[in-house]
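Small disclaimer: the values here were computed from a predicted structure and weren't measured.
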Amino acid sequence: MGTEVISASNSGISRALLEWYEANHRDLPWRRNPEPYRVWISEIMLQQTRVETVIPYFERFLDRFPTLSDLAAASEDEVLTLWSGLGYYRRARSLLAGAKTVIEHHDGVFPRNYEAALEIPGVGPYTAAAILSVAYGEPWPVLDGNVERVLTRILRLADNPRKAATKKYLKEIAGGWMPRGKASSFNQAMMELGALICVPVSPSCAACPVHDACAAAEHGDPENFPKLPPRRKTVAVELEAGIIRRGKRYLLERNEDLDYLEGLWGFPLARPDSGGIAFRLRKKLATSIEEGAELKAIRHSITFRRLTLRPRILEAGSFSTRGKPSFRWGRAEELGNVLPVSSLCLKIADRLS
DNA sequence: AATACGGGGGG
DNA sequence: CCCCCAGTATT
């Protein structure tokens, strides 16, 4: 196989890859019964997110919303609550909107047509190809980060895979290698190889089924591929959280003015450079606020921001949350179970117990 | 074409 | 601790 020419039709690579996949693929919940609805949920959750992280979320989600109709009838808050901690919360909102779209425009069945799939909120080129190939066997090649890595290494291609032209080229290669009738296992095999063997750092080339056809492995520099543009540099952000307790309940606020975690509940936050959380709540709640103990700082990353959050215990005078829809009281156990929250909020709550 | 949206895992 | 990863929607 080492002397074979890599081309738009390389059956050696496909055969070795599929054989490896059959013997080594992981037993994942959505692979057991790959019906469109389940594959759809899994693919949305798997965007930017690891398999191990997704599994428990997927199980809970399917438990609560066994069918597309169940999901389409849900409230956004309930969907977000099940998404709490998973991140990229727009995915949850799009998924709900997408479920309604499929009910309304496709008789409740995820479309089998690529262009129609792309019209569904939250479904882009990758997800459309993934769902159509895995659930319906339609021959659309997927190109996700794993496949980009596998292909640029095999080809030793230094082009930036973020560029549209590179994506187009890589998709053509993948499509050319896809054996007839094997769209589902071929696509999943490419991604599985990227996830288990052809990993970003220290890939297991010795265990790779397509090692002999891989230019980067032969050259000894797989880690140099893909060649990605530099990422945005991180920005440090300081935040204070106010902890106000009444019995078993804490004062919570719905994020509105933050550029992130919008619509999620959490402990009230403020930038220290704008007067701090005590000052802010004094004005918002029109009551007296005394500063108490400061808890150990929490580090949390949100895209390019590196947050340092200092929780501070506060003692408030009397006030009411009536007429203030962005405030409410809630027990710690309700966070992520009844109320949609982020991981940041759960980290703070952990500090309180 | 560029930018922003979360979060967790590995070294 | 820092560095790694990466689909979609928006602009």
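Atom CG of A:L339 and atom CG of A:L264 lie 10.5 Å apart (nearest 0.5 Å).
Annotation: of the two residues near DNA chain C, A:R50 and A:G124, the 5′-most nearest-nucleotide partner is A:R50. Between A:V341 and A:A165, the residue anchored nearer the 5' end of DNA chain B, judged by the nucleotide with its closest heavy atom, is A:A165. Place A:T127 and A:R299 on DNA chain C by their nearest nucleotides, and A:R299 ends up nearer the 5' end. Nearest-nucleotide positions on DNA chain B for A:Y89 and A:S202 put A:Y89 closer to the 5' end.
Listed nucleotides C:dC5, B:dG7, C:dT10 differ in distance to A:R90; the shortest reach to its side chain belongs to C:dT10. Across C:dC4, B:dA2, B:dC5, the shortest atom-to-atom separation from the side chain of A:K163 is found for B:dA2. The nucleotide whose nearest atom lies closest to any side-chain atom of A:Q48 is, among B:dG7, B:dC5, C:dG7, C:dG7. In the set C:dT8, B:dG7, B:dC5, the nucleotide with an atom closest to the side chain of A:F304 is B:dC5. Closest to the A:R231 side chain, of the nucleotides C:dG7, C:dC5, B:dA4, is C:dC5. Across C:dC5, B:dG6, B:dC5, the shortest atom-to-atom separation from the side chain of A:L261 is found for B:dG6. Closest to the side chain of A:P200, from the set C:dC5, B:dG6, B:dA4, is C:dC5. Minimum atom distance to the side chain of A:S343 is reached by B:dG8, of the listed C:dC5, C:dT10, B:dG8.
The CG atom of A:L86 sits 12 Å away from the P atom of B:dG9 (whole-angstrom rounding). As a whole-Å value, the separation of A:E262 CD from B:dA4 C1' is 13 Å. Atoms CE (A:M45) and C1' (B:dG8) sit 16 Å apart, rounded to a whole Å. Rounded to an integer number of Å, the gap from CZ of A:R232 to P of C:dC4 is 16 Å. Atom pair A:M191:CE and C:dC5:C1' shows a separation of 16 Å (rounding to whole Å applied). Nucleotide B:dG8 holds its C1' atom 14 Å from the CG atom of A:L346, rounded to whole Å. Straight-line distance from the CG atom of A:L118 to the C1' atom of C:dG7: 12 Å, rounded to whole Å. The distance from atom CD of A:E119 to atom P of C:dT8 is 14 Å, rounded to the nearest whole Å.
For A:W329 and A:F319, the distance between ring centers is under 6.0 angstrom. Less than 6.0 angstrom separates the ring centroid of A:Y114 from the ring centroid of A:W140.
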### Message
Before you tell me yes or no, could you show the steps for A:R328 and A:E253 under salt bridge (charged side-chain N to carboxylate O under 4.0 Å, His left out), namely the whole-Å CA-CA distance, both residues' side-chain angles and the distance that decides it to 0.1 Å?
### Response
CA-CA 6 Å; A:R328 60 166 289 162; A:E253 185 179 13; over 6 Å; no

#### Entry: side-chain contact (heavy atoms from CB on, under 4.5 Å) assessment of A:D159 paired with A:K163
CA-CA 8 Å; A:D159 297 354; A:K163 297 283 182 193; over 6 Å; no

### Task
Report the C-alpha separation of A:W40 and A:I120 in whole Å, then their side-chain angles, then the decisive distance to 0.1 Å, and conclude whether the side-chain contact (heavy atoms from CB on, under 4.5 Å) test is met.
CA-CA 11 Å; A:W40 181 16; A:I120 296 167; 3.9 Å; yes

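For B:dA4, the OP1/OP2 oxygens have no side-chain nitrogen or oxygen of A:R305 closer than 4.0 Å. OP1 and OP2 of B:dG6 both lie 4.0 Å or more from every side-chain N or O belonging to A:H300.
Defined by atom type and a distance below 3.5 Å, a donor-acceptor pair is present between the side-chain atoms of A:Q188 and A:R31. Between the side chains of A:R299 and A:T308, at least one donor N or O lies within less than 3.5 Å of an accepting N or O.
If you take atom P in B:dG6 and the same atom in C:dC3, they sit 22 Å apart, rounded to whole Å. As rounded to the nearest Å, C:dG7 and B:dG10 have C1' atoms that lie 23 Å from one another. Nucleotides B:dG9 and C:dT8 have their P atoms positioned 23 Å apart, rounded to a whole Å.
For the segment residues 132-149 of chain A, the set of residues with a heavy atom within less than 4.0 Å of an atom of DNA chain B is empty.
Note on A:V123: only backbone sugar-phosphate atoms sit closer than 4.0 angstrom, heavy atoms only; bases stay farther off. A:I44 comes within contact range of no nucleotide atom at all, as no heavy-atom separation falls under 4.0 Å. Among the atoms of the strands shown, only primed sugar atoms or phosphate atoms (P, OP1, OP2) are found under 4.0 Å from some heavy atom of A:Y260. A:T234 comes within contact range of no nucleotide atom at all, as no heavy-atom separation falls under 4.0 Å.
For A:R312 and A:E291, the salt-bridge test passes: some basic side-chain N is under 4.0 Å from an acidic carboxylate O.
Base pairing of B:dC5 is made with C:dG7, judged by Watson-Crick or G-U wobble geometry with both donor-acceptor distances under 3.5 Å.
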